[in-house]
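Note that the structure is predicted; figures quoted are calculated from it, not measured. In what follows, chains carry the letters A, B, and so on, assigned in the order in which the sequence lines appear, proteins first and then strands, with residues in each chain numbered from 1. Just so you know, these numbers use all the heavy atoms, side chains as well, and skip hydrogens, waters and symmetry mates.
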Protein chains: 2
Amino acid sequence: MTRPPRGREDEVGELRGAMQRTGRAAEKAQLRGDERSSTTALVSRGDARERLIRATIDLSWTSSYGAVSVDAICERAQVRKGSFYHFFASKDDLVVAALDAHWETRRPVLDELFSASRPPLQRLARYFAHISERQAEIRGQYGRVLGCFHNTIGSECVQRPPAVAAKAQEISLALRRYLETALRDAQAAGALPPGDPVAAAKSLSAFVQGALAQARVHDDLELLRQLPRTGWLALGLAGPPQQST
Amino acid sequence: MTRPPRGREDEVGELRGAMQRTGRAAEKAQLRGDERSSTTALVSRGDARERLIRATIDLSWTSSYGAVSVDAICERAQVRKGSFYHFFASKDDLVVAALDAHWETRRPVLDELFSASRPPLQRLARYFAHISERQAEIRGQYGRVLGCFHNTIGSECVQRPPAVAAKAQEISLALRRYLETALRDAQAAGALPPGDPVAAAKSLSAFVQGALAQARVHDDLELLRQLPRTGWLALGLAGPPQQST
DNA sequence: CTCGAACTTGACTAAACGGTCATCTCCGAC
DNA sequence: GTCGGAGATGACCGTTTAGTCAAGTTCGAG
């Protein structure tokens, strides 16, 4: 009765488990004892907060931070304005939480792709393939290629809401660290000539992020499909490695 | 008297000559005979229009399309709101004109850098060096690295104002064509192994644009300084070419 | 000098914006 | 059963937004 049964979204990844109050709720919740003994259910029954974050990701990824209003987010999430400000202190707070939540859904995927149990260059190979497949999926669900969420937001918000800018930077660095580790391991294994893995990761990251950005602007998957072949170029390799182990 | 002597901007490039009513003025100007015999001075004495475009570039490049209001642009340009809508039909119109005007200032620079009178790979070498130097200049003038104007706007506006999205796409393609031509010439000259120059240009463009985007997000010039060395990787070359002619 | 068109101006609007708040409902703990 | 706090609600506020407009001013052409 109170809630009209309008829910029919839930488009992309599993968000549910990944959100453990990352964005820390509104001021009230902070000022008082939010770190209470947790005998009470830590994961609340209602999922309004999750729906808000889901809506924020969907809307600001498909358009932009600036083009999405709190009202639009609330409408999509089927949450009233007042409830919104119960969970988040401001729009900036929401977007930071959305960036966090989205990153938390990506992390386990990256952990698997970059598992140390695989040969380092194979990690990259699977990463390239994954990006291409994932953006194809996204295009199917959202109707167009969207590229990288945190980088899109980050490029838009370099200056204006400092908290958002900082969060986007942080995530961008965290992502780069996966590449860095793989490259270092590759050098140690002799699969890659010695050199500065940090610089190489920057270079590779620029290539991948550039491909994603171009794919977004032109709604073109072609570049990403080529990634498993061309991605190696940024490392000075002519093509994908052939060794197995 | 009528105009308080507040002008003291004029920060980056020469915009003056490059703006020949690219953005086509407001509806009134379109509906009536704007294509009149041009015996009257085509370039008007007042530079309000140019100041508006200059302000738009500065403000939306340093922050974003969505974060800049018409009021802010007018204030910076020292132009009243009414005058604004005399020259432009809408905010979108302004931004499209700004993208156009900015591109017009870049074009002669690119024409020189990619002059057919130089060996093709040397064109690229000079392009890489130019990007690095230019962004360093921009950082000096604007206080931070800004990356690529049309790509920043384009990534933000992929969806929302269709005219802006289309213009950004168009410019992005135009830029890529410079690379394409150079790569084709390089292959013809035997300086590069044969292959699809369109795909190679996409690849190289992704790398360069990615480096610029990363430089913007992290306010970091390092990646761009490395461009003259690492740019070649995206083409499968280990380093800058040594030949002269 | 006169005329018309380019240009300028500031006051104006309606809508949208982010954010607030008193009040109510629900539900587990005691 | 009752108590307290998390959650939910819709009316509300002041500001800012893009865009309008009637009434000017400026100025070159005839």
Side-chain angles (χ1 to χ4, degrees), chain A residues 1-4 21 25-52 56 59-60 65-75 77-95 160-161 163-164, chain B residues 1-4 21 25-52 56 59-60 65-75 77-95 160-161 163-164:
Chain A
M1 235 173 267
T2 49
R3 188 184 330 150
R21 296 217 163 254
E27 287 173 9
K28 297 166 194 169
Q30 275 186 291
L31 293 174
R32 321 234 235 111
D34 202 24
E35 313 93 321
R36 68 196 175 290
S37 61
S38 79
T39 48
T40 59
L42 219 165
V43 174
S44 64
R45 181 199 50 80
D47 58 346
R49 191 189 145 90
E50 292 168 31
R51 292 203 311 274
L52 283 168
T56 305
L59 293 177
S60 62
Y65 168 87
V68 176
S69 70
V70 173
D71 283 331
I73 292 168
C74 286
E75 192 192 337
Q78 286 292 326
V79 167
R80 258 34 72 191
K81 256 281 223 12
S83 291
F84 174 94
Y85 283 97
H86 172 74
F87 291 107
F88 302 98
S90 66
K91 183 190 175 187
D92 296 357
D93 226 44
L94 205 216
V95 176
R160 297 290 301 232
V164 176
Chain B
M1 237 174 268
T2 48
R3 177 157 11 125
R21 295 216 164 253
E27 287 173 10
K28 297 166 193 168
Q30 273 185 292
L31 293 174
R32 322 234 234 108
D34 202 24
E35 314 92 322
R36 68 198 175 291
S37 60
S38 81
T39 49
T40 58
L42 218 164
V43 176
S44 65
R45 180 200 49 80
D47 58 346
R49 191 188 144 89
E50 292 168 31
R51 292 204 311 275
L52 284 168
T56 304
L59 293 177
S60 61
Y65 167 87
V68 175
S69 71
V70 173
D71 283 331
I73 292 168
C74 286
E75 192 192 338
Q78 287 291 325
V79 168
R80 256 36 71 191
K81 256 285 225 7
S83 291
F84 174 94
Y85 283 98
H86 172 74
F87 290 108
F88 302 98
S90 66
K91 184 191 174 187
D92 296 356
D93 226 44
L94 205 216
V95 176
R160 294 291 301 232
V164 176

Which atoms of nucleotides 13-18 of chain D (N or O only) lie under 3.5 Å from a protein N or O atom, and what are those distances?
residue : atom : partner : partner atom : Å
D/dA18  : OP1  : B/Val70 : N            : 3.4
D/dA18  : OP1  : B/Lys91 : NZ           : 3.4
D/dA18  : OP2  : B/Val70 : N            : 2.9

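Counting heavy atoms from C-beta outward, A/Val79 and A/Phe87 have side chains that stay 4.5 Å or more apart.
For A/Lys91 against A/Tyr65, the heavy-atom pair with the smallest separation is NZ-O, 3.2 Å. The two residues A/Arg51 and A/Ala77 come nearest to each other via the heavy atoms NE-O, 2.8 Å. Closest approach of A/Ile73 to A/Val68, counting heavy atoms only: CG1-CG1, 3.4 Å. Residues B/Thr56 and B/Leu52 share a closest heavy-atom pair of OG1-O, 2.7 Å. Here the closest non-hydrogen pair linking B/Ala67 and A/Arg160 is O-NH1, 3.7 Å.
For A/Arg80, taking side-chain heavy atoms from C-beta onward, the closest of the listed nucleotides D/dG7, D/dT9, C/dT8 is D/dT9.
Taking only side-chain nitrogens and oxygens, A/His86 comes nearer than 4.0 Å to OP1 or OP2 of D/dG7.
With sequence neighbours excluded, the residues satisfying side chain to side chain donor-acceptor pair (under 3.5 Å) with A/Lys81 are A/Asp71. Every residue meeting the side chain to side chain contact (heavy atoms under 4.5 Å, CB included) condition with A/Ser90, not counting sequence neighbours, appears here in chain and number order: A/Asp92, A/Asp93.
C/dG18 atom P lies 14 Å from atom CG of A/Asp93, rounded to whole Å.
The 5' end of DNA chain C is approached more closely, in terms of each residue's nearest nucleotide, by B/Val79 than by the other of B/Val79 and A/Asp92.
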**Report entry** Paired and unpaired positions of DNA chain D as dot-bracket, Watson-Crick or G-U wobble under 3.5 Å, | denoting a partner strand
**Finding:** ||||||||||||||||||||||||||||||

